[in-house]
There are 4 protein chains.
Amino acid sequence: MNKTKEKIFNAAIDIISQKGFYKSTMDEIADKAGVAKGTLYYHFNSKDDILIFLIDEGLSLLKSQILEKINHMKNSAEKLREIIVVQSNFLFKYKDFVLILLSQLWGKEEIQNSFREKIYDYLKIIEDIIDEGIEEKLIEKCDKKLLSSAFFGMISSLIIFQFRNNDVIDPEHIADSVIEYTFNGIHYRDKSL
Amino acid sequence: MNKTKEKIFNAAIDIISQKGFYKSTMDEIADKAGVAKGTLYYHFNSKDDILIFLIDEGLSLLKSQILEKINHMKNSAEKLREIIVVQSNFLFKYKDFVLILLSQLWGKEEIQNSFREKIYDYLKIIEDIIDEGIEEKLIEKCDKKLLSSAFFGMISSLIIFQFRNNDVIDPEHIADSVIEYTFNGIHYRDKSL
Amino acid sequence: MNKTKEKIFNAAIDIISQKGFYKSTMDEIADKAGVAKGTLYYHFNSKDDILIFLIDEGLSLLKSQILEKINHMKNSAEKLREIIVVQSNFLFKYKDFVLILLSQLWGKEEIQNSFREKIYDYLKIIEDIIDEGIEEKLIEKCDKKLLSSAFFGMISSLIIFQFRNNDVIDPEHIADSVIEYTFNGIHYRDKSL
Amino acid sequence: MNKTKEKIFNAAIDIISQKGFYKSTMDEIADKAGVAKGTLYYHFNSKDDILIFLIDEGLSLLKSQILEKINHMKNSAEKLREIIVVQSNFLFKYKDFVLILLSQLWGKEEIQNSFREKIYDYLKIIEDIIDEGIEEKLIEKCDKKLLSSAFFGMISSLIIFQFRNNDVIDPEHIADSVIEYTFNGIHYRDKSL
DNA sequence: TATGAATGAGGATTCATTCAT
DNA sequence: TATGAATGAATCCTCATTCAT
C-alpha cells in the first residue's frame, strides 16, 4: 500500500465508521484524505471497492494476529483463550473497522454475502480449534458451527457494551469475563465444598 | 395501526430487509405496499421515520412476548432459559426485522444512538433477571451489563449461522445449545465419575 | 362572504403574507382557518383562486374607501391629498394584504398580468383626478400615466420604510411628508423672502 | 465569474424573470444555460443561492454605476439628478433583474429580510446625498429615510408603467419627468409672472 | 357543507463516476 | 499519478387536487 492509498484507506475507515458506508461520500473521503476526488478512482475502481479493500485488510490483520499467537501453542483450550484475548484487544484497537464490518454483515445483497464468506473463513479457524479441543477432551462435544458463530457474536457485540459505557472499559476485564463465561458458564457452583 | 399503515409496515420490512435501508427506495416500498408514494408520507414523516417505527414495533413485540412468558415464573434460571427460547424463536419468525435491527446498531449517528438506547432497555430486562439469579444463588456473580450484551450478541449473531446453513436449522436445537453453553460453558466435564 | 369563507380568507391573508404565496400550502391555510383541507376546495376552485379573491377583495376595499372619501370633494388637489392619506392608512391597516399584492405585481405570467390590470383600474382613478387638476390649473401639466405609477410606487414602497423602522412609524407623518413632497418637490425654497 | 457560472447566471436571470423564482425549475435553468443539472450544484449550493448571487451581482452593478457617475460631482442636486438618470436607464437595460429584485422585497422570510438589508445599503447612498443637499441648502429639510424609500419605490414602480405601455417608452422622458416631479412637485405655478 | 385519506406529478438535491488536462 | 469540473440518473420529499363518505 503506497502513501496515497494509505491516506485514502485511513480516511475511509474514519469517515465510514463515523457516518456509515452509504452516508459517506467520495467527496468526504477525498477531503479527509487530502486528495482530489479523482485520485480515489485512480487507486480504487469504485466506492464498493474501497469497502471491500477495507474489510479484506482488516480481516487479514485479525487473522494474522491470531495465527501468529496460537501458532506455537499446543493446548486447544489455551488457544481459544488466546483468541478471546486477541479478538477483544482488536475490538478496541480497531473499533472503527469493527463497526464497519459489523454494519455490513446483515444484508442479503451480493457484496454482503461475500463479506459473510470472509467471516466464515475466520470462523473456520475457531472451529478447527474446537474440534481439537473436543478430541483432546478439553471441550465438551458441541455444534461447532453454532458455537463459533455464538462466540464471534458474543465478542463483537461487546462493542455495544462499549458504546453504553462511553468507552471507559478495560479490554483485560472483558477478555477475562468472556473466558470465564465461555468455559464455565454462568451456573452457580458451590465453592465451599 | 390502521390498514394502510400496516400495508406500508409490512412492505417496508420486506424491502428493507432485502436491500438494506439505504438501498431501499420509497418508490419500492410504496409499490410493494400497493399504495402511492405520497401515501407513505401521509402516514410517516420521512424514510427515517419508517425505520424508527419498524424498530419500535419489533422491539415492543419482542419485549411483550418475553414479559408475557416470564411473568408468572419464579425461578430466575428458568426465566433466562425462557428468554433464550423466545429470542431464538423470534429470530427465526421475524428474521427480516432482526436483520434490519442488527444492521442499524453499529453507527455513530443520532438515529443509531437512539436505536441502541432501545436495545439497552431490552437488556435491562435480562440484567434484572441476572441480578435475581445471583441473589438466589442460581447464577454466578458476574458483570451483568457485560453479560447481557454478550448474551444478546450471541443469540443475534446466530442469524449468521442461519445464513451459512441456508436457513435449514432448527430453532429448538439452537435454543438448547445456547442454554447449555450459557449455563455450563464449553469446558469438558468428566461424566463417567 | 359567509362565516367559513371568511375564516379561510383571513387565514389566507395571514399565511400568504407571512410565507409568500408559493411557499404557503393549502394545509397551512386550512389549519390556520380551522377547517379541513377539502373545505378550501368547497369554497374556492384552486389555490390561485384564493389569491385572486384576496386581491379582488382588497383592491375593492381600497377603491371604495377612496371613492367614498373624495366623492363629495370638489377641489382636485384636495382629492389627491385625500388619496395619499387614505392609501397611507390603508398601507398600515392592511399591511399583510399590501405585501401580498406587491409581491405579485412583477411577474410576466397570466395571473400577474391580470393583477396589474386591476392596478391600472385603480390608477385610472388617480389619473382622472390629475386630469381635473391640470384643467383647473391646480396641477402642472404632466404625463399622467407616468405620474400615477410613480405615485402608487412611492406610497407602496413606504412599506419597506416600515420594515426598516420595525413598524414604529406614524401614518400621519408619512401622509404629510408625501403630500408635501408630491406637491412641492424637494427643491429648497428660500422662505425668508 | 468563470464561463460556466456566467452561463448559469444569464440563464437564471432569463428564466426567473420570465416565470418567477418559485415557478422556475433548476431543470429549466440548466437547460437554458446548456449545462447539466448537476453543474448548477457544482457552482451554487442551492436554488436560493442562485437568487442571492443574482441579487448581489445586480445591486453591485447598480451601485458601482452610480458611484462611478457621481464620484466627481460636487453639487448634490446634480448627484440626485444623475442617480435618477442612472437608475432609470438601469431599469430598462436590466429590466429582468429589476423584476426579480422587486418580486423579492415584500416577504417576511429570512432571505427577503436579507434582500431588504441590501436595499437599505443602496438607499444609504441616496440618503447621504440628501444630507449633503440639505446642508448646502439645495434641498428642503425632510425625513431622508422616508424620502429615499419613496424615491426608490417611485422609480422602480415605473416598470409597471412600462408593462402598461408595452415597453415602448423612452428612458430619457422618464428620467426628465421624475427629475421635474421630484424637485418641483406637481403643484401648478403660474409661469406668466 | 365539510372532511381527510389518498394520489402522483413535479422538483430540489445528491453523489458516484468520468475524462480531459 | 493526480486533478476537479462536469455529468445525469437516482431519490427523497412536497403539495395541489380529488373523491368517497
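The chains referred to below are lettered A, B, ... by the order of the sequence lines, with proteins before strands, and numbering in each begins at 1.
Taking the centre and axis of the six-membered ring of F163(B), the NZ or CZ atom of K95(B) falls inside the cone set by 45° and 6.0 Å. Figure legend: cation-pi geometry between K47(D) and Y41(D) absent, as NZ or CZ is not positioned both under 6.0 Å from the six-membered ring centre and within 45° of its axis.
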Treat a base pair as Watson-Crick or G-U wobble with both distances under 3.5 Å, then lay out DNA chain F in dot-bracket form, 5' to 3', with | for cross-strand pairs.
.||||||||||||||||||||
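Annotation: proximity of residues 44-54 of chain A to DNA chain F (heavy atom, distance under 4.0 Å) is found for no residue. Only at 4.0 angstrom or more do the heavy atoms of residues 3-23 of chain C sit from any atom of DNA chain F, so none qualifies. Contacts between residues 25-38 of chain D and DNA chain E, defined by a heavy-atom separation under 4.0 Å, are made by T25(D), M26(D), K37(D).
Residue T39(A) places its side chain closer to dT3(F) than to any other of dA12(E), dC13(F), dT3(F). Candidate nucleotides dT1(F), dC13(F), dA6(E) were compared by shortest atom distance to the side chain of H43(B), and dA6(E) ranks first.
The distance between atom CG of N2(D) and atom P of dG4(F), rounded to the nearest whole Å, is 14 Å. Taking atom CG on L40(C) and atom P on dT3(E), their separation rounds to 10 Å, with Å as the unit.
Of all the heavy atoms in L40(A) and M26(A), the pair that sits closest is CD2-O, 3.4 Å. Residues W106(A) and L99(B) approach most closely at O-CD2, 3.4 Å, considering heavy atoms. For the residue pair G20(C) and S24(C), the shortest heavy atom distance occurs at O-OG, 2.6 Å.
Residue Y41(A) has a polar side-chain atom (N or O) positioned under 4.0 Å from OP1 or OP2 of dT17(E).
Listed for the Q112(B) side chain is a donor-acceptor partner under 3.5 Å among the backbone atoms of E109(B). Judged purely by atom type and a 3.5 angstrom limit, Q104(A) has no side-chain atom pairing as donor or acceptor with the backbone of L101(A). Here the side chain of E28(C) pairs a donor or acceptor atom with the backbone of T25(C) at under 3.5 angstrom.
Among residues two or more places apart in sequence or in another chain, the salt bridge (charged side-chain N to carboxylate O under 4.0 Å, His left out) test is passed with D14(A) by K32(A). With sequence neighbours excluded, no residue forms a salt bridge (charged side-chain N to carboxylate O under 4.0 Å, His left out) with D49(D).
Summarising the local packing, NZ of K108(D) is surrounded by more than 12 heavy atoms from other residues, nucleotides or ligands at distances under 6.0 Å.
The CD1 atom of I55(C) lies 7.5 Å from the CD1 atom of I119(C); values are rounded to the nearest 0.5 Å.
A salt bridge is absent between D121(A) and R116(A): the closest approach of a Lys/Arg side-chain nitrogen to an acidic carboxylate oxygen does not fall below 4.0 angstrom.
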